Amino acid sequence: MSQESAAKQNPAVDEIYHPSPDIVAQANVPDPERLREEAARDIQAYWAKRAEELEWYAPWEKVLDDSNKPFYQWFTGGKTNIVLNALDRHVRTWRRNKLALIWESEKGDLRTLSYHALNREVCKFANVLKSMGVVKGDRVTIYMPRIPETVIAMLATAKIGAIHSVVYGGFSVEALHGRIEDSESKVIITADGGNMNGKKVELKKIVDEALQRSGAPEHVVVVRHLGLDVMMEQGRDYWYHELMSLPLTRNPMRCETEVMDAEDPLFILYTSGTTGKPKAILHTHGGYSVGVHATLKDVFDLKEEDRWWCTADPGWITGHSYIVYAPLLAGATSFMYEGAPTYPYPDRWWSMIEKYGITIFYSTPTAIRGLMRFGTSWPNRHDLSSLRLLGSVGEPINPEAWRWFHKNIGKEKCPIMDTWWQTETGAFMIAPMPAMPLKPGSGTKPLPGITAEVVNEEGKPVKDGDEGFLVLKNPWPAMMRTIFKDPDRYVQTYWSKFKDFYFVGDSARRDKDGYFWIIGRVDDVIKVSGYRLGTAELESAFITHHAVAEAAVIGLPHEVKGVAIHAYLILKAGHEPGEELAEDIRKHIAHEMGPIAKPEKIEFVKTLPKTRSGKIMRRVLKARAQGMSEGDISTLEE
Ligand code: WTA
């Protein structure tokens with residue numbers, strides 16, 4: 001594609017927003033280009049310098065060990081634990097009195113935890129886990145609402161060297177079952193339920209049902225959050241508050257942090273891929289700490305006085321990296337909200353920005369587009385002047401939503417950091433820094449130490465302005481290390497299409513100024529409201545409905561969600577298509593996978609387009625649905 005037509009598709013290619021002089025003057029990185037050049041001269045030296053911003057029990061021997069590609073290792077020989085830097089080093093200083101977490105429930109209850117208090121709760125819960133026999137390397141599944149205990153559970157697991165697997169609380173029975181089973185978790189931590197948009201989601205009930213399908217874990221710990229009546233199986237299920245008040249050790253408020261190798265696993269996080277089985281992306285203590293800490297400081301210019309709010313859920317990578325770990329590593333104050341942005345009114349978020357004096361607000365295009373629909377009177381009734389920076393993640397932000405966010409929330413004085421990254425990358429990869437000029441809809445350039453390129457099928461760089469595959473050319477500390485229990489799939493998925501580059505799975509363009517524009521996924525992943533869902537996993541859920549014989553699922557553009565799910569279903573003999581059946585199937589999907597997986601549209605069909613080997617040609621369905629001839633489809637999708 002020529003630059004001219006690229007400019008047509010990217011109306012904002014020449015729409016530039018310069019930062020104000022005071023933003024540049026106070027930025028942690030006042031000269032981003034210089035830092036990028038410095039890092040490019042010696043990438044390993046750059047990351048070593050960033051690693052020195054953290055404490056280590058013992059220094060590393062080697063910054064990067066690439067002797068067994070693509071199983072890269074970082075800071076080998078180094079001893080650490082992410083909790084050493086997230087809590088232990090802060091409680092030794094004045095920061096013990098600083099708020100680590102401010103939390104508001106959907107009903108409006110407030111809880112705050114200082115670094116001292118958070119550390120105490122983490123130590124107590126770490127002792128609980130130890131008393132249940134959890135040791136270094138064991139897996140612990142965390143299936144929770146957005147409450148402080150989620151953070152406590154994650155940190156306690158990490159502290160004792162176990163591996164957490166957080167499953168998003170919006171997922172349901174089958175999705176949870178598959179993830180518990182694959183991780184072989186010893187303990188599950190959940191709550192009686194959570195508030196969502198005025199409704200109570202009964203999480204413990206979902207756990208009970210999932211466990212009927214899996215080899216049961218040894219123990220289930222239940223946080224009493226809503227006061228619901230739940231089934232407690234004797235000998236298996238325990239109340240969190242009861243365990244936390246037991247004198248399990250001589251001093252339950254103290255617990256040594258386990259000394260870990262830099263390369264020891266910290267967590268696994270399941271994400272959808274091209275097969276029905278979700279992949280457990282594995283991250284480690286050392287490199288991940290270095291990556292998330294450096295990127296938060298540089299991109300969001302984090303200062304001691306800030307009040308940081310990332311609206312994501314801890315159950316997604318955005319929550320892991322930028323609600324829990326990076327802010328704590330940086331000793332920051334993080335705000336967390338339990339519920340829906342429109343409850344009870346569409347100004348809930350704006351009212352909390354005012355109430356808590358939030359200074360940096362990091363959210364998603366879907367949420368912004370959703371709130372935009374309610375008009376400007378909702379944000380306008382609040383004083384949002386505490387804000388100094390905004391952020392966006394999860395899907396491409398359309399220039400219209402960017403401009404609305406910039407004007408009505410940031411009052412034209414807050415730069416928007418559009419951060420491109422993935423579960424696999426652990427930390428921001430392509431993102432602005434506040435001192436850079438911005439273009440609405442572009443994540444700007446690869447961060448210092450990161451090299452990205454747009455290439456064709458042969459792995460050769462395409463011309464500026466042309467569309468191609470996005471690749472990352474050199475390893476980075478926060479990168480995933482492998483797929484848990486499936487190293488071959490790691491190599492196959494990410495390092496086979498192009499031998500020496502990391503294959504991202506997104507298509508992109510780079511413009512004449514070196515700015516990157518992400519177009520979308522080139523694999524079978526659908527990004528619904530920024531949530532990542534796999535077509536294969538969805539299709540398997542559809543065919544567990546008694547009336548469905550075959551299913552094909554595609555993503556089509558949607559005004560608010562970005563992409564919405566359309567399902568094409570072949571019914572079993574004896575079942576008649578109809579709205580009632582469609583509704584029943586929707587309910588079934590919500591029950592099995594979760595409400596986010598509910599299809600926008602269900603179409604009953606007699607046949608599905610297939611290749612000779614029987615593979616469903618989703619590309620053809622997509623073309624038909626969009627009224628294109630099959631030849632119009634981008635070759636990228638073939
Ligand atoms: C998409 C979320 C455009 C992209 C952190 C990527 C984005 C996938 C952006 C990863 C962005 C994420 N602009 N697209 N700023 N951020 N994406 O693993 O397709 O849930 O590959 O991680 O989200 O999704 P994941």
Side-chain angles (χ1 to χ4, degrees), residues 10 12 166-168 170-171 267-274 278-283 291-292 295-296 299-300 310-323 325-326 362-369 390-399 401-402 405 416-432 438-447 452 454 469-472 478-480 483 493-494 502-510 515-534 537 555 561-563 596 636-637:
N10 289 338
V166 183
V167 179
Y168 172 51
F171 273 140
F267 65 83
I268 52 176
L269 181 57
Y270 286 88
T271 191
S272 302
T274 40
K279 307 172 277 196
I281 306 299
L282 185 139
H283 284 285
V292 297
T295 48
L296 183 64
V299 173
F300 282 103
C310 165
T311 66
D313 191 280
W316 298 95
I317 191 67
T318 310
H320 279 60
S321 297
Y322 298 105
I323 293 178
Y325 288 117
Y362 182 38
S363 192
T364 65
T366 289
I368 296 157
R369 286 191 293 261
L390 302 174
S392 170
V393 63
E395 40 175 330
I397 182 165
N398 47 314
W402 195 99
F405 196 31
I416 300 175
M417 303 297 110
D418 178 359
T419 59
W420 176 86
W421 58 297
Q422 308 179 298
T423 306
E424 292 88 341
T425 70
F428 308 149
M429 293 283 109
I430 298 178
L438 302 174
K439 302 185 189 188
S442 168
T444 74
K445 298 181 180 181
L447 287 169
V454 181
F469 299 104
L470 181 64
V471 295
L472 300 169
M479 68 196 295
M480 71 182 292
I483 294 174
T493 311
Y494 303 103
Y502 167 84
F503 177 65
V504 161
D506 284 353
S507 60
R509 287 190 199 97
R510 183 168 53 195
Y515 277 39
F516 284 75
W517 300 76
I518 307 297
I519 298 162
R521 300 289 308 187
V522 292
D523 55 7
D524 291 328
V525 168
I526 308 184
K527 275 258 156 179
V528 184
S529 303
Y531 293 121
R532 186 164 159 179
L533 298 168
E537 196 184 4
K561 299 176 183 173
V563 178
I596 41 161
L636 283 176
E637 284 188 87

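Values in this document were obtained by computation on a predicted structure and should not be read as measured data. Counting starts at 1 for both ligands and their atoms, in listed order.
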Under a 4.0 Å heavy-atom cut-off, which residues neighbour ligand 1?
-> I317, T318, V393, G394, E395, P396, D418, T419, W420, W421, Q422, T423, D506, I518, R521, K527, R532

Find the distance between CZ (F171) and CG (D313) and round it off to the nearest 0.5 Å.
-> 10.5 Å

Between R532 and E537, is there a side-chain N and carboxylate O pair less than 4.0 Å apart?
-> no

Ring centroid separation W316 to Y531 under 6.0 Å = yes

Within-4.5 Å side-chain heavy-atom neighbours: Y168 and I596 | yes

For the rings on Y325 and H320, is their centre-to-centre separation under 6.0 Å?
-> no

Going by atom types alone, do T419 and Y362 pair a side-chain donor with an acceptor below 3.5 Å?
-> yes

